[in-house]
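Taking it in order: structure first as structure tokens, then the write-up.
Numbered from 1 within each chain, the chains take letters A, B, ... in sequence-line order.
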Amino acid sequence: MTTGTTDTTAATRPRAERFDPSTYEGKWRTRWEADEIDAARDDDPRSKRYVLTMYPYPSGDLHIGHWYAAVGPDIVARLHRMQGDNVMFPMGFDSFGLPAENAAISRNIHPAIWTAANIERMRAQFKTMGAMFDWSREVITSDPSYYRWTQWIFSQFFRAGLAYKAMAPVDWCPKDQVVLAREQVEGSDRHCWRCGTPVVKRDLEQWWLRMTNYSDELLDFSGIDYPEPIRLMQTNWIGRSEGAEIDFPTEADGAEPIRVFTTRPDTLFGATFMVLAPEHPLVAVLTSDDRRADVEAYVASARRETEIERMSTEREKTGVFIGAHAVNPMTNERVPIWIADYVLPGYGTGAIMAVPAHDERDFAFAQKFELPIRYVVAPASGELPTDGAFIEHTADEVLADSGEFTGMAAADAIGAITQQLEDTGLGKRAVTYRQRDWLVSRQRYWGAPIPIVYCAEHGAQAVPDDQLPVLLPTDVDFAPTGVSPLQQHAEWLSSTCPVCDGPARRETDTLDTFIDSSWYFLRYCSPHDSERAWDPEKAALWMPVDLYTGGAEHGVLHLLYFRFFTKALRDLGLLDFDEPTRKLRNQGQILGADHQRMSKSRGNVQAPDELVARYGSDTIRAFLMFIGPWDQGGPWNSSGIEGIHRFLGRVWHLAQPERTDGAAPAGTTAELERALTRATHVAIRDVEADYLAFHFNTAISKLMELTNAIARARDAGLVGTDAYRRSVDTLLLLLAPVAPHVTEELWARRGGTYSIHRQAWPVFDAELAAVDTIELPVQVNGKLRERLVVTPDTPQDEIERMALASEKVQAYLGGKPPAKVIHIAGRLVNIVPAR
RNA sequence: GCCGGAGUGGCGGAAUCGGCAGACGCGUCGGUCUCAAACACCGAUGGAGCGUAAGCUUCAUGAGGGUUCGAAUCCCUCCUCCGGCACCA
């Protein structure tokens, strides 16, 4: 079927210049750079806005995911700039880390050289994006001018008692004699990535930060705008639990009691055995001689497992009796002591009282090993089971078989039993957290050396601030001998004690790279300051960050670490605010076409360069923002990129300077002009709201609708009218944050003053956007049967009268009056027929 | 396993303070232009059924149940996929 109509206007228009972004995109980027249009100035009187996106690891090549992550905040930063703010949008590189070291080992390239080359390549790739990055503030964390201050901050923490040394297990390859990172441990048998030898756990004394000092404060999100899922993840990660610590005396001579943590002290009468983590220090003390061989074998096997395996609630329970007993402080009964891998050394006290009747894991354990089950709480009215079944907790449960507490509501008994334990010195109220302190030692070369020296006399001492940075030596050997390159560097190792000037040995561990990324946002404020980590005046000007964007995969590590750092630095008197950013937004992850995370080893990495060369930067930017909700991401699929390119091409042709040849506009009417102006103002309102809500996909679809409306107006003969010209100008301004190059080029051609990115954002006028009529759906029993076209001010009863008068509605009512009429003003009318 | 997120046409997605399911785009089909093709432009396009037609009916938002005048949206049970789980960053 065809209407046979053709676009006669197009046929008579002069042949337009082809849409070819390569003719102008580079030109404008060169000009913007020369004019420093994107440099944020500290002395700009306009209100500051600090927009930050997570800096990348310089892995070698920018992939399409980097574009996806950066273009979103770039759009918002550009909008804020057009709305009159002094916007800072910096970029840098998180350049310490494992991949550089792996490259050094496998390809014999020095990490510093590999990293520098990658940064250079990626910076050039970033620049083709046309983002408003302020490159004059670039930060590179592996540069001594940066890690000097990373070390300085560690020293401040050390002196304040926030850094301490304690044992921590590492994965160890017994053949290569080297500590392995998680990603270097492969397969379910957990073998070394290089030699295939099964890894073992090894305890090393390492540096920790007392992050748990801040657990409670980190649970407080008041005053900051974080996505709900991130708040939930962080809250659950910190995992605050209230309960009691209870001491169970053991029967061994002189051994200290076993301290347990429980959230349900009210079930104490039901504790019929105890379970220690295999790593618990009392295991060696309490194990009987006849059980020792079994216990040691079990401990060894548990230490080979990952925590994820150990926390699984679906696995068959395992454990061994250690041949010792403790005493239940309430019942004074002897209870056997077991060890089992489901009790973790790092949570609570590393020991539990097992109440099999009322805890599912303990129940499964008791069933398997035929341990006694005693019911001590029951639903208010309920009977206790006699068949040894597990019963769920209920809100109204009361204590049973619990001495003087029998019959008391469980909720009250928690307090009462805890009080009695406190009175008798056997226990106390306690809060525990799932979160642990932060282990910051890494047995690696490519990181910031921990600025500590060890003196035989004075122990661990911070390297004096005026001797920072502790430079990473470059003349090191990366042969996989196992030992860290730093440990073999005799000259570097030897230092002096700042207290006695005697000989001292350097710490050879380096800092976790998450330390580097916990303060980089501060360095951007004064990136070239050689006297201080940051200039307090400039930090006061820019901080806190107004908008921080990055992947949700950082939800519980980086995004907790940088909050912790801010609070710790505040308590050292170095900052006067509590949170690093006011607002956080997450983009989703762009997966490979195979629905897997993009990685070089999978070979599914999508590079942007070829696409940019073919379509231009603007098309790639707009396409990435159009493919779906920004916070969702998804697998890469380039189908549809032509559609976006066509859209920008339509804008290209539509927004060329209008040629009217002095003749009056051919077919215009006041009504058509009003309709175009209305569409333009609806677009201003919706596009702005969508940008600010990070709904870039719907913003672009609304820009397409406006473009289509302008094309219809052109075909109707409105070219040459003020309304038409204003609409086209507005379209370019609204599109500028997404497609900065083509809008700049068109703006210039239309005679606009340079630069479009310095123009004021269009102002929405509600009156111009107002509609004359609305269409109201009429439902019968929830199904659409009729539509009414009314003016917005039609009275409600008039609308209902019209709805009931409709022939179609009447047909469904069968002549009877309706049972009910539901009228949601401005939305719909639903008529419920009589039965 | 635990924590968080997501499942809607052939495809990406739109519509979530419960109110017209499928905006916008891709693809496909038909047409205009062309010697022809490509590009571009115009039109149609969820499935099934009825009707010459305008149109009408009905089904449909991962599966099953529930609440409601009304459910993609709220509740319950389940399935699949993605992210995180403390040494990848």
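For A/Phe19, the ring pair (Phe, Tyr, Trp, His ring centres under 6.0 Å) partners two or more places apart in sequence, or in a different chain, are A/His645, A/Trp652. Listed by chain and number, the residues in a ring pair (Phe, Tyr, Trp, His ring centres under 6.0 Å) with A/Tyr146 are A/Trp519 (sequence neighbours excluded). Remark: A/Phe562 pairs with A/Phe521, A/Tyr548, A/His558 by the ring pair (Phe, Tyr, Trp, His ring centres under 6.0 Å) rule, at least two apart or across chains. Checked against ring pair (Phe, Tyr, Trp, His ring centres under 6.0 Å), A/Phe365 has the following partners two or more places apart in sequence or in another chain: A/Phe273, A/Trp338, A/Tyr342, A/Phe369. With sequence neighbours excluded, the residues satisfying side-chain contact (heavy atoms from CB on, under 4.5 Å) with A/Leu784 are A/Pro777, A/Arg787. Here A/Ala739 pairs with A/Asp618, A/Leu648, A/Leu735, A/Val742 under the side-chain contact (heavy atoms from CB on, under 4.5 Å) rule; sequence neighbours left out.
Nearest approach of A/Ile799 to A/Leu788, heavy atoms of both residues: O-CD1, 3.7 Å.
Across all strands, A/Glu309 comes closer than 4.0 Å to no nucleic acid atom at all (heavy-atom distances).
Of the residues in residues 698-708 of chain A, those lying under 4.0 Å from RNA chain B by heavy-atom distance are A/Thr698, A/Ser701, A/Met704, A/Glu705, A/Asn708. Within residues 230-237 of chain A, the residues that place at least one heavy atom under 4.0 Å from RNA chain B are, in residue-number order, A/Leu232, A/Met233, A/Asn236, A/Trp237.
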Nucleotides 87-89 of chain B: which of its N/O atoms have a protein N/O under 3.5 Å away?
unit_1, atom_1, unit_2, atom_2, d
B/C87, OP2, A/Arg442, NH2, 2.6
B/C87, O4', A/Arg442, NE, 3.4
B/C87, O3', A/Arg182, N, 3.3
B/C87, O2', A/Arg182, N, 2.5
B/C87, O2, A/Arg444, NE, 3.4
B/C87, O2, A/Arg444, NH2, 2.5
B/C87, N4, A/Gln206, OE1, 3.3
B/C87, N4, A/Gln443, OE1, 2.6
B/C88, OP2, A/Arg182, N, 3.4
B/C88, OP2, A/Glu183, N, 2.9
B/C88, O4', A/Glu183, OE1, 3.1
B/C88, O2, A/Arg597, NH2, 3.2
B/A89, OP1, A/Leu98, N, 3.0
B/A89, O3', A/Asp94, OD2, 2.2

Output a table of nitrogen or oxygen pairs between the protein and nucleotides 9-12 of chain B separated by less than 3.5 Å.
unit_1, atom_1, unit_2, atom_2, d
B/G12, O2', A/Ile627, O, 2.3

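Residues A/Arg787 and A/Arg436 each lie close to RNA chain B; by heavy-atom proximity, the contact nearer the 5' end of the strand is made by A/Arg787.
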* Structure fact -> Scoring nucleotides 55-73 of chain B by protein non-hydrogen atoms under 4.0 Å (B base, S sugar-phosphate only, - none) yields -SSSS---------B----
* Let me have RNA chain B in dot-bracket notation, would you? Count Watson-Crick plus G-U wobble pairs, both distances under 3.5 Å, and use [ ] for pairs crossing earlier ones and | for inter-strand partners. => (((((((..(((......[....)))((((((.......))))))(((((....)))))..(((((..]....))))))))))))....
